Amino acid sequence: MSKPDALLVDVAALVESGRSNQMPLTVVAGGAVITGRLAPEAVWRQRVSEVLADSARLSDFSSMFTTAASEEGPPTHLHFHVARILQGTVGIPETGGMYRVAIEDVSAWTMGDFSYSDH
């Protein structure tokens, strides 16, 4: 088990302290480059719940995301909103997705998001 980057934990804690989803961040986790905006876990959970609730096939899973997250200790995960996995010059998915990444799995990171091409 790797030790999470203390500075990244501090960034996540600052995001968690507010209700903003505007912090741009790019991380490398498991060899994948994920770029997007961080959101507090509660905001992320609410949005995932709404997306699932709107789906005829997945609506039963919606309630799993409405439970409050544990607030004990420092954050252990990053919650990306409008995020993409970069594959070559393409961002997947085109419209952006909702990703949850364990901070201990992040091997590199930078503030800001990367530009990409959908063509």
Side-chain angles (χ1 to χ4, degrees):
M1 180 189 290
S2 64
K3 182 177 183 208
D5 181 316
L7 185 55
L8 186 55
V9 171
D10 289 346
V11 168
L14 190 57
V15 170
E16 287 297 328
S17 71
R19 305 276 309 166
S20 173
N21 61 357
Q22 300 301 312
M23 171 56 72
L25 190 74
T26 300
V27 300
V28 177
V33 177
I34 301 170
T35 189
R37 290 182 289 167
L38 289 182
E41 183 175 358
V43 172
W44 183 87
R45 283 176 173 263
Q46 178 183 350
R47 181 66 184 128
V48 171
S49 177
E50 291 167 359
V51 169
L52 292 172
D54 288 344
S55 170
R57 293 178 297 158
L58 302 174
S59 61
D60 290 344
F61 293 95
S62 176
S63 63
M64 293 175 59
F65 292 88
T66 58
T67 58
S70 171
E71 295 184 20
E72 293 180 21
T76 58
H77 290 78
L78 302 170
H79 296 87
F80 283 92
H81 171 71
V82 192
R84 292 169 178 84
I85 297 174
L86 299 182
Q87 178 67 40
T89 59
V90 177
I92 306 167
E94 284 185 23
T95 57
M98 306 291 288
Y99 296 104
R100 177 177 160 114
V101 177
I103 294 173
E104 70 180 17
D105 292 340
V106 173
S107 59
W109 61 278
T110 187
M111 301 302 285
D113 52 1
F114 282 110
S115 297
Y116 58 90
S117 171
D118 288 333
H119 305 288

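The structure displayed is predicted, hence computed values, not measured ones. Excluded from the calculations below are hydrogen atoms, water molecules and symmetry mates; all remaining heavy atoms, backbone and side chain alike, are included.
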Let me check something: do [X] and [Y] share a hydrophobic cluster, defined by ILVMFWY side-chain heavy atoms less than 4.5 Å apart, either directly or through other members?
| X | Y | value |
| --- | --- | --- |
| L78 | L14 | no |
| V9 | V15 | yes |
| V51 | M98 | no |
| M23 | I103 | yes |
| I92 | V82 | no |

Restricting to non-hydrogen atoms, name the atom on [X] and the atom on [Y] that form the minimum distance, rounded to 0.1 Å.
| X | Y | answer |
| --- | --- | --- |
| F65 | R45 | O-CB, 3.1 Å |
| E16 | A39 | OE2-O, 4.1 Å |
| P4 | E104 | CG-CB, 4.1 Å |

Quick one, [X] and [Y] - any side-chain contact, counting heavy atoms below 4.5 Å?
| X | Y | result |
| --- | --- | --- |
| V27 | F80 | yes |
| L25 | D113 | no |
| V101 | H77 | no |
| T26 | I34 | no |
| P40 | V43 | yes |
| W109 | L7 | yes |

Please round to the nearest 0.5 Å and tell me the distance separating atom [atom1] of [X] and atom [atom2] of [Y].
| X | Y | atom1 | atom2 | result |
| --- | --- | --- | --- | --- |
| Y99 | H79 | OH | NE2 | 14.5 Å |
| I85 | T35 | CD1 | OG1 | 11.5 Å |
| L38 | H81 | CG | NE2 | 11.5 Å |

(request) Using modelled atom types only, decide if a donor and an acceptor are shared between the side chain of T66 and the backbone of S63 within a distance under 3.5 Å. (result) yes
(message) Going by side chain to side chain donor-acceptor pair (under 3.5 Å), name the residues that satisfy it together with S62, two or more places apart in sequence or in a different chain.
(response) S49
(message) Test: salt bridge (charged side-chain N to carboxylate O under 4.0 Å, His left out). Region: residues 51-63. Which pairs qualify, not counting sequence neighbours?
(response) none
(message) List the residues meeting side-chain contact (heavy atoms from CB on, under 4.5 Å) with S107, not counting sequence neighbours, and say none if there are none.
(response) V28
(request) For E50, look at atom CD and say whether over 12 heavy atoms of other residues, nucleotides or ligands are found less than 6.0 Å away. (result) yes
